[in-house]
Number of protein chains: 2
Amino acid sequence: MSDRTRPIPTVAIAVDLAVLTVRDGSLQVLLVERGIEPWRGLQALPGGFLDDEEEDLDTAAARELAEETGLDLDQVHLEQMRTYGTPGRDPRGRVVAVCYLAFIPDLPSPHAGGDAQAAAWVPAQTVLEPGTRLAFDHKRIVADAVERARSKIEYTTLATRFCPPEFTVAELRQVYEIVWGEPLDQRNFHRKITGAEGVLVPTGEQTTRQGGRPAGLFRAGPVTTLHPAMLRPTRAW
Amino acid sequence: MSDRTRPIPTVAIAVDLAVLTVRDGSLQVLLVERGIEPWRGLQALPGGFLDDEEEDLDTAAARELAEETGLDLDQVHLEQMRTYGTPGRDPRGRVVAVCYLAFIPDLPSPHAGGDAQAAAWVPAQTVLEPGTRLAFDHKRIVADAVERARSKIEYTTLATRFCPPEFTVAELRQVYEIVWGEPLDQRNFHRKITGAEGVLVPTGEQTTRQGGRPAGLFRAGPVTTLHPAMLRPTRAW
DNA sequence: CCAAAAGTGTTGTCCCTACACCCATGC
DNA sequence: GCATGGGTGTAGGGACAACACTTTTGG
């Protein structure tokens with residue numbers, strides 16, 4: 001804290017969301033089309049300025065996530081990711097953006113936007129292609145979010161947050177394969193994830209929605225850290 | 001970003017530092033005594049308000065670290081940790097603090113403070129005791145910093161940042177033992193850390209400063225991620 | 001010679017990869 | 001029966017914990 005006596009400069013605080021889901025075989029991020037300048041017409045992360053003197057950052061993020069997706073905190077994972085404050089990132093003035101990362105399941109109902117313009121799910125891979133442009137520094141934020149997601153599912157059970165309330169082992173494995181972009185051995189995955197205590201709770205039900213032999217259905221268990229960790233397939237070190 | 005037309009509320013941004021080092025056999029954090037209200041006379045993390053319209057957050061953190069310790073970025077590790085913005089955390093008004101985590105070696109020369117009042121190294125354990133009070137929510141921030149440090153040295157080579165430029169394997173091991181608060185097997189540690197490619201570079205020199213058989217001296221190598229990871233001794237899962 | 005600290009060997013266990021193989025459904 | 005996907009078995013290798021042991025200094 002400064003001990004100087006000159007006035008304290010103020011800046012605007014934005015709370016932005018990188019909302020990720022897995023749908024249609026790819027990792028996708030929620031983007032809204034900007035209705036005003038700057039970057040009018042370009043896509044951006046949903047978010048807003050911190051507008052209530054009494055609202056916590058985490059609360060603001062949760063409120064905005066609910067506005068965009070209709071989901072509350074029981075159903076999603078929401079965590080603070082990083083704060084971006086490079087001068088010039090917003091041409092209107094000094095804006096510091098506190099960014100949150102959310103994992104949500106593939107919504108069967110279309111997300112009714114709050115005050116958002118047209119909201120759309122866009123594959124992360126598409127967003128990160130060289131030709132794609134987003135408003136502000138949001139492309140870089142998406143890159144950070146994807147990297148964080150890839151890393152987090154290694155040692156936590158957060159991959160289950162991309163699944164519906166009840167899911168099969170194969171569905172969970174597909175989440176891993178899609179987020180990492182690499183195939184996993186179905187048999188070793190099954191043994192490992194079902195062998196980890198407290199991660200999966202069998203419902204006793206079965207489903208044949210994927211064809212073939214019926215698969216057991218599971219719910220996410222109480223454990224949040226994955227031990228032993230689920231390691232990505234060997235890369236060059 | 002808000003698409004509303006009412007004025008954008010502004011708040012003050014503080015950039016605060018949790019500077020950690022290992023000295024006198026304990027993990028310690030740099031605290032300064034506050035010269036003004038609020039919490040005049042209490043200890044707080046060093047930091048200051050973002051005071052230059054053209055200064056990046058990372059740059060501001062690096063500048064403040066240099067002011068407090070005299071060290072530049074070549075010698076330390078500095079990373080953004082988390083942003084704290086709970087209403088009421090500063091009685092003067094809405095202040096959002098972007099907190100950075102720094103790892104620095106035990107300075108042989110006393111840190112000449114910039115505009116800081118009396119600066120002091122305080123063992124983290126002392127800070128986190130129930131009876132200790134810090135200004136603002138800085139006690140919680142110290143707790144987050146310690147936990148982050150304990151976790152980071154598992155899978156990165158950042159423990160070397162707590163060591164002088166040249167150090168022995170035993171000195172590095174003591175860093176781990178102090179940060180984790182648990183003893184490690186000297187023999188397994190030696191094998192593992194010297195076996196990891198690119199982590200340690202032998203200088204060819206030896207030292208007997210710890211008594212006994214001379215130990216080889218090393219410098220930190222180019223690799224930043226530790227593979228395989230250095231795992232903490234087994235806790236109850 | 002003895003204490004102290006550095007560094008090497010060994011052994012059993014766990015986990016991981018890689019496969020082969022059987023099971024239960026729809027058609 | 002046959003295709004499709006679910007679930008189990010097994011063998012080899014790497015990493016790890018827990019040890020004993022040798023090496024090299026100072027006193």
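Note on naming: letters A, B, ... go to the chains in the order of the sequence lines (proteins, then strands), and numbering restarts at 1 for each one. The model shown is predicted, which means the values in this text are computed figures rather than measured ones.
Ring geometry, Phe136(A) versus His138(A): the interplanar angle falls from 30° to 60°, so the pair is classed tilted.
Using a 4.5 Å heavy-atom threshold, the side chains of Leu45(A) and Leu31(A) count as touching. Side-chain contact check for Ile193(B) versus Leu226(B): some heavy-atom pair is nearer than 4.5 Å.
A distance of 12.0 Å separates CG in Asp185(A) from NE2 in His190(A), rounded to the nearest 0.5 Å. Atom CZ of Phe162(B) and atom CZ of Phe167(B) lie 13.0 Å apart (nearest 0.5 Å).
In this structure a side-chain-to-backbone donor-acceptor pair under 3.5 Å is missing from Thr224(B) to Thr156(B). Between the side chain of Thr83(B) and the backbone N or O of Thr83(A), no donor-acceptor pair lies under 3.5 Å.
The stretch residues 205-212 of chain B touches DNA chain C through Gln210(B), Gly211(B), Gly212(B), each having a heavy atom within less than 4.0 Å of the strand. Of the residues in residues 195-202 of chain A, none lies under 4.0 Å from DNA chain D by heavy-atom distance.
Under 4.0 angstrom from either OP1 or OP2 of dC15(C) there lies no side-chain N or O belonging to Lys192(A).
Counting 5' to 3', DNA chain D first comes under 4.0 angstrom of a heavy atom of chain A and last does so at the ends given by dT4(D) to dT10(D).
Rounded to a whole Å, the CZ atom of Arg187(B) is 14 Å from the P atom of dA5(C). Going from atom NE2 of His190(B) over to atom P of dG9(C) covers 12 Å, rounded to whole Å. If you measure from atom CG of Asp185(B) to atom P of dG7(C), you get 15 Å, rounded to the nearest angstrom. Across the protein-nucleic acid pair, Arg191(A) atom CZ and dC16(C) atom P stand 10 Å apart, rounded to whole Å. Taking atom CG on Leu231(B) and atom P on dC15(C), their separation rounds to 12 Å, with Å as the unit. Taking atom CG of Asn188(B) as the reference point, atom P of dA6(C) lies 15 Å away to the nearest angstrom.
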| Do Glu79(B) and Tyr100(B) pass the side-chain contact (heavy atoms from CB on, under 4.5 Å) test, and can you show the C-alpha distance, the side-chain angles, and the key distance before you say yes or no? | CA-CA 6 Å; Glu79(B) 67 173 30; Tyr100(B) 281 75; 5.8 Å; no
| Which is it for Arg140(A) and Asp144(A) under the salt bridge (charged side-chain N to carboxylate O under 4.0 Å, His left out) test, yes or no, and what are the steps along the way? | CA-CA 6 Å; Arg140(A) 185 257 169 102; Asp144(A) 289 351; 2.9 Å; yes
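A salt bridge links Arg232(B) with Glu154(B): at least one charged nitrogen is closer than 4.0 Å to a carboxylate oxygen. In summary, Glu171(A) and Arg209(A) engage in a salt bridge, as defined by a charged side-chain N under 4.0 Å from a carboxylate O.
The base of dA24(C) has none of its N or O atoms less than 3.5 Å from a complementary donor or acceptor on the side chain of Arg213(A).
The 5' end of DNA chain D is approached more closely, in terms of each residue's nearest nucleotide, by Gln186(A) than by the other of Pro214(B) and Gln186(A).
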